[in-house]
Amino acid sequence: MKRRNFIKKASATGLGLVAVSSTFMSCDETKEDKKIVSPISEVIKPLVIATWKTDLAVETAAAVLEKGGTALEAVEQGCRIEEANEKGQSVGKGGLPDRDGDVTLDACIMNEKGDYGAVLGVKNIKHVISVARKVMEATPHVMLVGVGAEKFALSQGFKRENLLTEASKKAWEKWKIKSEYKPIINIENHDTIGMLAIDKKGNISGACTTSGLAYKMAGRVGDSPIIGGGLFVDNEIGGASATGLGEEVLKTVGSFLIVELMRQGKSPQEACEEAIGRIVNKPGKDFTNFQVGYIAVNKQGQTGAYSIHEWFSYNIYKNKKNQNIKSDYFNKV
Ligand code: SD4
C-alpha cells in the first residue's frame with residue numbers, strides 16, 4: 001500500500017498514527033507499517049493554536065472553521081486581526097521599527113498541499129499575511145522581498161499606509177538615545193503571531209506574521225517568513241511555528257525539525273521540547289538573555305508548546321473553547 005493511501009485509510013477508519021518510524025518513510029509497505037498504528041480516539045477538529053495571548057485572532061480563525069471554512073482561510077483571517085491591532089508592537093501596524101525608524105514586516109503562509117508564500121522586509125503594507133498568500137497563489141515564486149514585494153502588493157490592490165504609530169515612534173526615539181541593542185525576553189505575553197489550524201475536513205495550514213525584532217539592523221530578516229524556520233506544515237504529519245529570537249530558530253531550522261520529529265513518532269510536546277533542547281544544549285550556549293517558544297499540532301489534533309524561559313503562552317481553540325495557556329519551559333532555575 002502506498003504511504004499516502006495508508007494514511008488516508010488510517011484516518012478514515014478513526015485510527016491515528018502515533019509512532020511513525022523512519023522506515024515508514026519508504027513508499028512501499030513494510031512490516032513496520034503495522035506496528036505504527038494504534039487506535040486513538042477521534043481527531044480533534046476544528047482546532048486553532050497560536051503563539052501568545054491572541055484571543056481575538058484565535059476566535060476569528062475558529063469562527064471561520066466552525067462555518068466550514070478552510071484551515072488556510074482561518075489562519076489568514078486570524079493573523080489579520082493582529083496585523084490590524086495597533087497596540088501590538090510586534091506585528092503589522094504599530095510594530096516597532098528597525099534602527100532607522102522603518103517598520104518592516106515579514107510573513108509567510110503554508111497550505112495543506114505544502115504550498116508556501118512569503119514576504120520579507122515589507123514597508124507600508126499592513127496585511128502582509130494576505131500578500132504572502134497572494135505570492136503563494138498568484139505568482140510562480142515563494143518569496144518576495146522589500147520593494148518588489150511592496151510593488152506586487154500594490155498591484156494586487158493592497159493599500160499603502162504608514163505603519164509607524166506615534167507610540168512606536170516614541171519608543172524608537174527613546175531607544176535611540178542609548179542605541180543599545182539586545183533581544184528582549186518578552187513578559188508582556190504578546191508578540192509575533194504564529195498560527196496553526198485544522199479544519200473540519202482535517203486539513204492543516206499555518207501562518208506567521210511579525211515586525212521582527214525591535215530595532216533590528218535595516219535589512220535584517222528573522223525566522224518568521226522562512227519555511228521550516230518560523231513555520232512548517234506537512235498535512236500528513238502536522239505543523240509547527242516559532243516565536244522569539246529568529247536567529248536561533250533559523251540556526252536549528254526549528255519548525256521543520258519539530259514536524260520531522262513528529263514524523264518519527266514524537267508527540268507535539270516532545271518534539272517542541274527537543275527543538276528547544278537543540279538550542280540550549282549547544283556547547284557553551286548562553287541562552288539566559290533570549291527567548292524562543294514553539295507551538296505544534298499533529299494530524300490527530302494533539303498539541304504541544306515549549307519555550308526556553310517562562311512567560312510564553314499560547315491560545316488554543318478546541319472543543320468549542322478558546323483558552324490562553326501558559327507554556328511549560330526549560331529554564332526553571
Ligand atoms: C524574529 N521571531 O523576527 C521573530 C520575532 C519574534 O517574539 O517572534 N518575537 O526573529
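This chain uses plain numbering: 1 for the first residue, then up along the sequence. Ligands are counted one by one from 1 in listed order, and the atoms in each one are counted from 1 as well.
Proximity to D191 (heavy-atom distance under 4.0 Å) selects the following atoms of ligand 1: 7 (O), 9 (N). Ligand-side atoms of ligand 1 in range of T243: 6 (C), 7 (O), 8 (O), 9 (N), range being under 4.0 angstrom from any heavy atom. The contact set between ligand 1 and G212, taken as ligand atoms under 4.0 Å from a residue heavy atom, comprises 3 (O). Near S224, meaning under 4.0 Å from one of its heavy atoms, ligand 1 places the atoms 2 (N), 4 (C).
Taking a 4.0 Å cut-off on heavy atoms, G244 registers as neighbouring ligand 1. In this structure, R220 is part of the shell of residues with a heavy atom less than 4.0 angstrom from ligand 1.
Residue pairs meeting the ring pair (Phe, Tyr, Trp, His ring centres under 6.0 Å) criterion with at least one member in residues 251-308, sequence neighbours excluded, are F232-F256, F287-F330. The list of side chain to side chain donor-acceptor pair (under 3.5 Å) pairs with a residue in residues 193-203, not counting sequence neighbours, reads N203-N235.
Annotation: cation-pi pair K176/W172 present, NZ/CZ under 6.0 Å from the ring centroid and within 45° of its normal.
The residues E248 and K251 are annotated as salt-bridged, a charged nitrogen and a carboxylate oxygen being separated by less than 4.0 angstrom. A salt bridge links E66 with K320: the closest approach of a Lys/Arg side-chain nitrogen to an acidic carboxylate oxygen falls below 4.0 angstrom.
Looking at V128, L105, N124 one by one, the single match for side-chain contact (heavy atoms from CB on, under 4.5 Å) with L163 turns out to be L105.
Counting heavy atoms under 4.0 Å from ligand 1, residue E248 does not touch it at all.
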Using the rule given for side chain to side chain donor-acceptor pair (under 3.5 Å), can you reason through S130 versus E76, listing the C-alpha separation, both sets of side-chain angles and the distance that settles it, and then say yes or no? CA-CA 7 Å; S130 299; E76 182 191 1; 2.6 Å; yes

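Of the options D223, V292, L250, L245, the smallest heavy-atom separation from atom 2 (N) of ligand 1 is shown by D223.
Geometrically, ligand 1 and T192 share a nitrogen or oxygen pair separated by less than 3.5 Å.
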